[in-house]
Amino acid sequence: LLIERAITSKTKAIMVVHLYGKVCEMEPVLEIAKKYNLKVIEDCAQAHGAAINNKRTGSWGDVNAFSFYPTKNLGALGDAGAITTDNDELAAKIKALRNYGSQTKYYNKYIGFNSRLDELQAAFLRIKLNKLDDINNHKRSLAFLYLQKIEKQFITPVLQKGYHDVFHIFNIRHNNRKNLKDYLLENGVQTEIHYPLPPHKQEGFKGLLGDKIFPLSELIHDTTLSLPVSYFHTIKDVETVGDVLNKF
């Protein structure tokens, strides 16, 4: 909402989502944006510290959003988030919008929000930020072990040269997703579906896209499954999951 209000309704933009901690291919996105005079917004909610050739997410777009929800690689102890931009005018407007629309106390230049980052959450995040690379590297090591261990019957994430993906989620795909999920749970492996329903089928979006169909989106949502991968999981945990998975 802050970004939408800040860039005005007349501005057209591409919003890229670095889903699961995997970085989008930014070069063609930026070329399209330049060709058609579009702004670029990065959704970095699942990609703290991810990068392409050492250029990190949140540094390509005109304005970019981060989530610090507790389950994220850089998570607070409650709801929190941040916006990055190198545009001074946008930064000033966003600062005002998050604080009732006020740049001067008790005087409201815009219709804004109460969306300030709580000081306690900021304190936790400031400490945890120093561990972000350790957290990311641990999750990357678990992900690489999955990639080595998991058999070809499963669709796994693709690795690209120069891409530093941080694996907020380790996502696989399988055509028999329901039975696979049930089988894993029966064998002590809890999984999650990110996400069960595609956006164009959500009740809140009903009517917005007319009768358009999106078969690739629907295929992904019907086959996707997220395996355990977190800072507290161990190499032994991943080996166990891999062994169970391969016996399916």
Side-chain angles (χ1 to χ4, degrees), residues 1-48 50 52 57-58 60-67 69 71-73 81 83 143 146-147 150 152-160 163 165-184 191-227 229 245 248:
L1 282 172
L2 287 173
I3 291 176
E4 181 183 353
R5 191 72 62 83
I7 64 175
T8 79
S9 60
K10 294 181 180 179
T11 303
K12 297 188 183 300
I14 301 173
M15 185 173 75
V16 297
V17 182
H18 304 296
L19 196 62
Y20 305 147
K22 182 160 186 60
V23 195
C24 293
E25 296 181 356
M26 291 305 300
E27 187 175 337
V29 171
L30 295 173
E31 288 175 359
I32 292 169
K34 183 177 180 180
K35 180 177 180 179
Y36 295 101
N37 194 29
L38 303 171
K39 299 294 184 185
V40 174
I41 301 167
E42 290 180 70
D43 179 345
C44 309
Q46 298 186 0
H48 311 89
I52 301 176
T57 54
W60 280 287
D62 296 278
V63 60
N64 318 291
F66 287 84
S67 164
Y69 186 75
T71 58
K72 300 299 194 296
N73 286 21
I83 293 171
Y146 270 134
L147 291 170
I150 293 175
K152 299 296 183 183
Q153 62 168 308
F154 306 99
I155 298 173
T156 56
V158 175
L159 299 181
Q160 295 165 273
Y163 282 63
D165 302 319
V166 295
F167 296 98
H168 164 61
I169 288 169
F170 188 88
N171 178 266
I172 64 170
R173 288 174 51 211
H174 195 277
N175 288 331
N176 197 0
R177 195 259 313 277
K178 184 184 184 305
N179 287 345
L180 173 61
K181 182 175 174 60
D182 292 343
Y183 163 80
L184 288 170
T191 58
E192 184 59 86
I193 298 174
H194 296 98
Y195 300 90
L197 194 66
H200 67 283
K201 288 194 170 183
Q202 297 288 347
E203 183 68 24
F205 292 158
K206 191 175 182 179
L208 287 178
L209 298 172
D211 296 325
K212 292 185 176 66
I213 58 172
F214 299 88
L216 182 56
S217 177
E218 292 180 20
L219 175 63
I220 291 171
H221 285 268
D222 287 342
T223 58
T224 184
L225 190 68
S226 301
L227 302 182
V229 61
L245 195 68
F248 177 67

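Keep in mind the model is a prediction, meaning the values are calculated, not measured.
Screening Thr223, Asn179, Leu180, Ile155 against His174 for a side-chain contact (heavy atoms from CB on, under 4.5 Å) leaves a single residue, Leu180.
For residues 197-207, the set of pairs meeting the salt bridge (Lys or Arg N to Asp or Glu O under 4.0 Å) definition, not counting sequence neighbours, comprises Lys201-Glu218. For the salt bridge (Lys or Arg N to Asp or Glu O under 4.0 Å) condition, no pair includes a residue of residues 207-217, sequence neighbours left out.
The structure places CD1 of Ile14 at 12.5 Å from NZ of Lys39, a figure rounded to the nearest 0.5 Å.
Within a 6.0 Å sphere centred on CZ of Phe248, heavy atoms belonging to other residues, nucleotides or ligands number more than 12.
When every heavy atom of Thr191 is checked against every heavy atom of Lys181, the shortest pair comes out as O-NZ, 2.9 Å. Here the closest non-hydrogen pair linking Asn64 and Cys44 is CB-SG, 4.3 Å. When all heavy atoms of Leu208 and Gly204 are compared, the pair lying nearest together is CD1-O, 4.5 Å. Nearest approach of Phe66 to Thr57, heavy atoms of both residues: CZ-O, 3.6 Å. Summarising the geometry of His168 relative to Thr71, their closest heavy-atom pair is CE1-O, 3.4 Å, with the distance given to 0.1 Å. Annotation for Asn171 and Ser226: closest pair ND2-OG, 3.8 Å, computed over non-hydrogen atoms.
Below 30°, between 30° and 60°, or above 60°: for His18 and Trp60 the angle between ring planes is between 30° and 60°, a tilted geometry.
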Report, one line per pair, each donor and acceptor closer than 3.5 Å where one atom sits in a side chain of residues 20-38; sequence neighbours left out.
unit_1 : atom_1 : unit_2 : atom_2 : d
Tyr20  : OH     : His194 : O      : 2.3
Lys22  : NZ     : Val158 : O      : 2.6
Lys22  : NZ     : Gln160 : OE1    : 3.3
Lys22  : NZ     : Asp165 : OD2    : 2.9
Glu25  : OE2    : Gln160 : NE2    : 2.8

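Annotation: side chain of Asp43 is not in contact with side chain of Leu19 (no heavy-atom distance under 4.5 Å). Using a 4.5 Å heavy-atom threshold, the side chains of Phe170 and Ile150 count as touching.
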